[in-house]
Amino acid sequence: MHVFSELYEFNEKLIMNLKFNRMSMDKVAEGFKYIPEILSGNSVLEGKDSELINEYIVNLGKSDAVSQLDYLNGRKAYLAKYRDESNTEYKKYGSLYVKIFFMIGVLMAVLLA
């Protein structure tokens, strides 16, 4: 969830950067936890998610500013979809684990009593 949230925010910052500032990607990536690792070529996720991120990163900086804006705006909805799906999954499984550990605690209390 955190990786896709950061990737979406990074995409937004890149769009604004291309429109107004034109700083390097390393400067734009400052302040993020996972983005500098991704830009340096390290994989922070596995499987299909890793392939999606690698495909996104490979296409950054390969063309002129107008083409980059088109690419980033096109990926914006796609990244938002992944961000929302991962957030939903995180909430679903996060609450499930809390409930499971609560039930284990209750069971242990009953067995010890």
Beyond-backbone contact of Phe32 with Val3, side-chain heavy atoms, under 4.5 angstrom: no

Heavy-atom side-chain contact between Leu79 and Tyr56 under 4.5 Å: yes

Polar side-chain atom of Asn54 near backbone of Ser50 as donor-acceptor pair, under 3.5 Å: yes

Flag, side chain of Asn11 to backbone of Leu7, donor-acceptor distance under 3.5 Å: no

Leu14 CG to Glu9 CD distance, which is reported to the nearest 0.5 Å: 11.5 Å

Salt bridge (charged side-chain N to carboxylate O under 4.0 Å, His left out): pairs with one or both residues in residues 71-82, sequence neighbours excluded: Glu12-Lys76, Glu55-Arg75

Hphob cluster co-occupancy, Met23 + Leu39, side-chain heavy atoms under 4.5 angstrom: yes

Nearest-0.5 Å distance that lies between atom CD in Glu37 and atom CD1 in Ile53: 11.0 Å

Inter-residue atom distance Ile15.CD1 - Lys13.NZ, 0.5 Å rounding: 13.5 Å

Shared hydrophobic cluster, Met108 / Phe101 (ILVMFWY, side-chain heavy atoms < 4.5 Å): yes

Sub-4.5 Å side-chain heavy-atom contact between Leu60 and Phe10: yes

Cluster companions of Val58 among Ile, Leu, Val, Met, Phe, Trp, Tyr (side-chain spacing under 4.5 Å): none

Connected hydrophobic set around Leu107, excluding itself, where side chains approach under 4.5 Å: Leu111

Minimal non-hydrogen separation, Ala29 against Pro36, with atom names: O-CG, 3.8 Å

Test item: Gln68 side-chain N/O and Asn59 main-chain N/O as donor-acceptor pair under 3.5 Å: yes

Any Asp84 side-chain heavy atom under 4.5 Å of Tyr8 side chain: no

